[in-house]
Amino acid sequence: MPPTPVSFLELKPQPLPVINELPGRVSATRLAEVRPRISGIVLERVFEQGSTVKAGDVLYRIDPAPFRVRVASAEATLAKAKAGQLNAQDQQKRAQTLRDRNITAGVDLENAVTTLAQADADVAIAEAALAEAQLNLDYTEVKAPISGIIGRALVTEGALVTAQTEVMATIQQLDPVYVDFTQSSAELFKLRRALEVGELVAVDANTAQMRLYFDDGTEYDQPGEVLFSEATVDELTGQVTMRGEFPNTKNLLLPGLYVRVAVEQAVREHALAVPQMAVQRDAQGNAQVYVIGTDNKVSVRSIRLGTSVGSSWIVESGLNAGDKVVVEGAQKLFPGAAVVPEPWQPAATDAPQN
C-alpha cells in the first residue's frame with residue numbers, strides 16, 4: 001500500500017494554565033428584606049413588582065394619621081416645657097437679685113436653680129419625644145434600603161403590618177453577582193502539593209481567568225474573578241467552597257441558577273499538549289496516539305492525559321518534547337505503517353488557550 005498522507009504536530013513545551021471545571025450556584029451580591037419600622041395599616045404600594053429600585057425610593061406608605069397626632073401632641077408638650085423653662089429662668093434671676101441684696105436666704109436661690117435645672121430637663125425630654133414622634137411619622141414611608149431588583153409584593157393595601165416582623169418585599173443586587181462553587185479537598189490538596197514541589201506555578205489572583213458555562217453548555221460572554229476560598233472543609237461532602245464575582249449587566253445570571261465554572265488555578269510552565277482529535281482509545285479505553293519515527297513510520301504510544309485546555313489535552317506522561325504526533329489521518333493507520341507527513345495547521349479555536 002502507498003504511504004498514507006497525515007498531518008502531524010511536533011510537541012514543544014509551553015506554559016499552559018491548569019483549568020478545572022467546577023459546579024456552582026449564582027447568588028446576589030446584596031440581599032435586603034424590606035420590613036416596616038412601625039406598626040400600622042398599609043395604604044399604598046408604590047413600586048412595580050420586578051422593577052429596578054434605587055436606595056431611598058418609597059415602596060409602601062403606611063397610614064400616617066395616628067403618627068401625625070403624636071407629633072402634634074409632642075409639639076404641645078415641648079411648648080409647655082419651654083414655658084415652664086422660661087418661668088424658671090425668671091424665678092432664678094429674681095432669686096439671684098434678691099440674694100445679691102441680702103434680702104432673701106441662700107436656700108431660696110438654691111431652690112430656684114434646682115427648679116430651672118428640672119425645667120431644662122423637661123425641655124430636653126420633650127424635644128426627644130418630638131424627635132421620636134417625627135421619626136415614626138417619617139417611617140410611614142417604607143423606603144428601599146439598597147438599590148437592586150425588587151421581587152413580588154408580600155403584603156397588600158389594607159394589611160396590618162407589625163414593626164420588624166413582616167417581610168414586605170425583597171431586593172436583590174444582581175450586578176455584579178456572586179458564584180459559589182465547590183472543589184473536593186483531595187483535588188485542592190493535590191494542587192497545593194504540586195505547587196510546593198515546583199510541578200506547577202501559582203497564578204496571580206488578579207490575572208487568573210474565570211469563565212462561566214450555563215447548564216446547556218453555552219459560555220457566558222464575560223469573564224469573572226476569584227474572590228476567596230473558604231478556610232474549612234464541609235464535614236458531610238468533603239468539599240471546599242470558593243467564591244467568584246461576575247458582571248451581570250444584562251441580568252442573565254439569576255440567583256439560584258446552576259452553572260459550571262472553569263477556573264484557572266495554576267500554570268504548568270513546561271507542558272506538552274496534544275489536540276483532542278489526535279487521541280485514540282484502545283479496547284480498554286486507554287489513551288494512545290500515533291508517533292512518527294525518523295523513517296516516516298508510525299508507532300503506537302500509550303499516554304496519560306491530564307486536564308483539557310481548549311480543544312487540547314495536557315499530556316502527563318508517555319510523550320516527550322520533539323515527538324511528532326499524528327493529528328489527522330490516524331484512522332487509517334496501524335503500527336509500522338508508512339506515512340507522508342505534513343505539518344498540521346490548527347484552526348484558531350483548536351490552539352491551547354494561554
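Since this is a predicted model, take the numbers as computed values, not measurements. Positions are given from 1, in the same order as the sequence printed here.
When side chains are defined from C-beta on, L257 counts as touching F214, because their heavy atoms get closer than 4.5 Å. In this structure, the side chains of P23 and Y258 come closer than 4.5 Å at one or more pairs of heavy atoms. Using a 4.5 Å heavy-atom cutoff, the side chains of T170 and L31 are in contact. Contact check for E166 versus R35: no side-chain heavy atoms found under the 4.5 Å cut-off. Residues L78 and V123 form a side-chain contact, since some pair of their non-hydrogen atoms from C-beta on lies under 4.5 Å apart. With contacts defined as side-chain heavy-atom distances shorter than 4.5 Å, the pair L319/V274 qualifies. Side-chain contact between P255 and V177: absent, with no pair of heavy atoms (C-beta onward) separated by less than 4.5 Å. V26 is not listed as a side-chain neighbour of L254, based on a closest heavy-atom distance of 4.5 Å or more.
Residue K250 holds its NZ atom at 12.0 Å from CG of D175, rounded to the nearest 0.5 Å. Taken from OG1 in T114 to CD in Q92, the straight-line distance is 10.5 Å, to the nearest 0.5 Å. Remark: T77 OG1 to L130 CG distance equals 9.0 Å, nearest 0.5 Å. Here the straight-line distance linking atom OG of S27 with atom CD of Q172 works out to 9.5 Å at 0.5 Å rounding. Separating the CG atom in N286 from the CZ atom in R304 is a distance of 12.0 Å, to the nearest 0.5 Å. The OG atom of S7 lies 8.0 Å from the CE atom of M277; values are rounded to the nearest 0.5 Å.
Side chain of Q49 to main chain of A153: a donor-acceptor pair is present (N/O by atom type, distance under 3.5 Å, no hydrogens or angles). Side-chain N or O atoms of T165 include one that pairs as donor or acceptor with a backbone N or O of A163 at under 3.5 Å. At least one donor-acceptor pair under 3.5 Å links the side chain of N248 to the backbone N or O of L174. Judged by distance alone, with hydrogens and angles left aside, the side-chain atoms of D323 form a donor-acceptor pair with the main-chain N or O of N320 at under 3.5 Å. A donor-acceptor pair under 3.5 Å links the side-chain atoms of R301 to the main chain of G318, judged by distance alone. Put simply, the side chain of S73 never gets that close to the backbone of V69: no donor and acceptor are under 3.5 Å apart. No donor-acceptor distance shorter than 3.5 angstrom exists from the side chain of T115 to the backbone of A88, with no hydrogens or angles considered. A side-chain donor-acceptor contact under 3.5 Å links R45 to the backbone of F47. Side-chain atoms of E132 do not come within 3.5 Å of backbone N or O of A128 as any donor-acceptor pair.
With respect to the salt-bridge test (charged N to carboxylate O, under 4.0 angstrom), the residues E219 and R211 qualify. Salt-bridge formation is not detected for the pair E10/K324: no Lys NZ or Arg NE/NH1/NH2 atom is positioned less than 4.0 Å from an Asp or Glu carboxylate oxygen. A salt bridge does not link D122 to K82: none of the charged nitrogens lies less than 4.0 Å from a carboxylate oxygen.
One hydrophobic cluster, built from ILVMFWY side chains closer than 4.5 Å, cannot hold both V326 and I303; they sit in different ones. Under the 4.5 Å side-chain heavy-atom criterion for ILVMFWY residues, no single connected hydrophobic cluster contains both W313 and Y290. Residue L333 is not grouped with residue V279 when hydrophobic side chains (ILVMFWY) are merged at heavy-atom distances under 4.5 angstrom, including chains of intermediate members. A continuous path of hydrophobic side-chain contacts links M242 to L212 [ILVMFWY only; heavy atoms under 4.5 Å]. Hydrophobic clustering keeps I149 apart from V34 (ILVMFWY residues linked when any side-chain heavy atoms are closer than 4.5 Å, directly or through intermediates).
For R281, the CZ atom counts as densely surrounded, since its 6.0 Å shell holds more than 12 non-hydrogen atoms of other residues, nucleotides or ligands.
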Set out, in order, the CA-CA distance, both residues' side-chain angles and the distance that settles side chain to side chain contact (heavy atoms under 4.5 Å, CB included) for L86 and Q89, then state yes or no.
CA-CA 5 Å; L86 182 59; Q89 289 174 347; 3.8 Å; yes
| said: Please evaluate residues V240 and Q183 with respect to the criterion side chain to side chain contact (heavy atoms under 4.5 Å, CB included), reporting the C-alpha separation (whole Å), side-chain torsions for both, the decisive distance (0.1 Å), and the verdict. | reply: CA-CA 5 Å; V240 178; Q183 185 175 22; 5.5 Å; no
| So I38 and L137, side chain to side chain contact (heavy atoms under 4.5 Å, CB included) or not? Walk me through it. | CA-CA 9 Å; I38 57 172; L137 178 61; over 6 Å; no
Handout entry: Audit row: Y220, Y213, side chain to side chain contact (heavy atoms under 4.5 Å, CB included) steps and yes/no
Key = CA-CA 6 Å; Y220 186 58; Y213 297 88; over 6 Å; no
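For the pair R243 and Y178, the distance from NZ or CZ to the six-membered ring centre is under 6.0 Å and the angle to the ring normal is within 45 degrees.
Between P247 and P176, the shortest heavy-atom contact is CA-CB, 4.2 Å. Nearest heavy-atom pair, P335 versus V300, reported as atom, atom and distance to 0.1 Å: CG-CG2, 3.7 Å. Across all non-hydrogen atoms, the minimal contact from V71 to A133 is CG2-O, 3.4 Å. In terms of heavy atoms, L272 sits closest to P13 at CD2-N, 3.7 Å. Closest non-hydrogen pair, P36 versus T162, comes out as CG-O, 3.4 Å. Pairing each heavy atom of Q91 with each of A112, the nearest pair is O-CB, 3.9 Å.
Side-chain atoms of D120 and Q85 form a donor-acceptor pair, as typed in the model, at a separation below 3.5 Å.
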Name every donor-acceptor pair, under 3.5 Å, that has one atom in a side chain of residues 50-65 and the other anywhere in the protein, sequence neighbours excluded.
{"residue": "S51", "atom": "OG", "partner": "E48", "partner atom": "O", "Å": "2.5"}
{"residue": "D57", "atom": "OD2", "partner": "K54", "partner atom": "N", "Å": "2.9"}
{"residue": "Y60", "atom": "OH", "partner": "M168", "partner atom": "O", "Å": "3.0"}
{"residue": "R61", "atom": "NH1", "partner": "E44", "partner atom": "OE1", "Å": "3.2"}
{"residue": "D63", "atom": "OD1", "partner": "A65", "partner atom": "N", "Å": "3.2"}

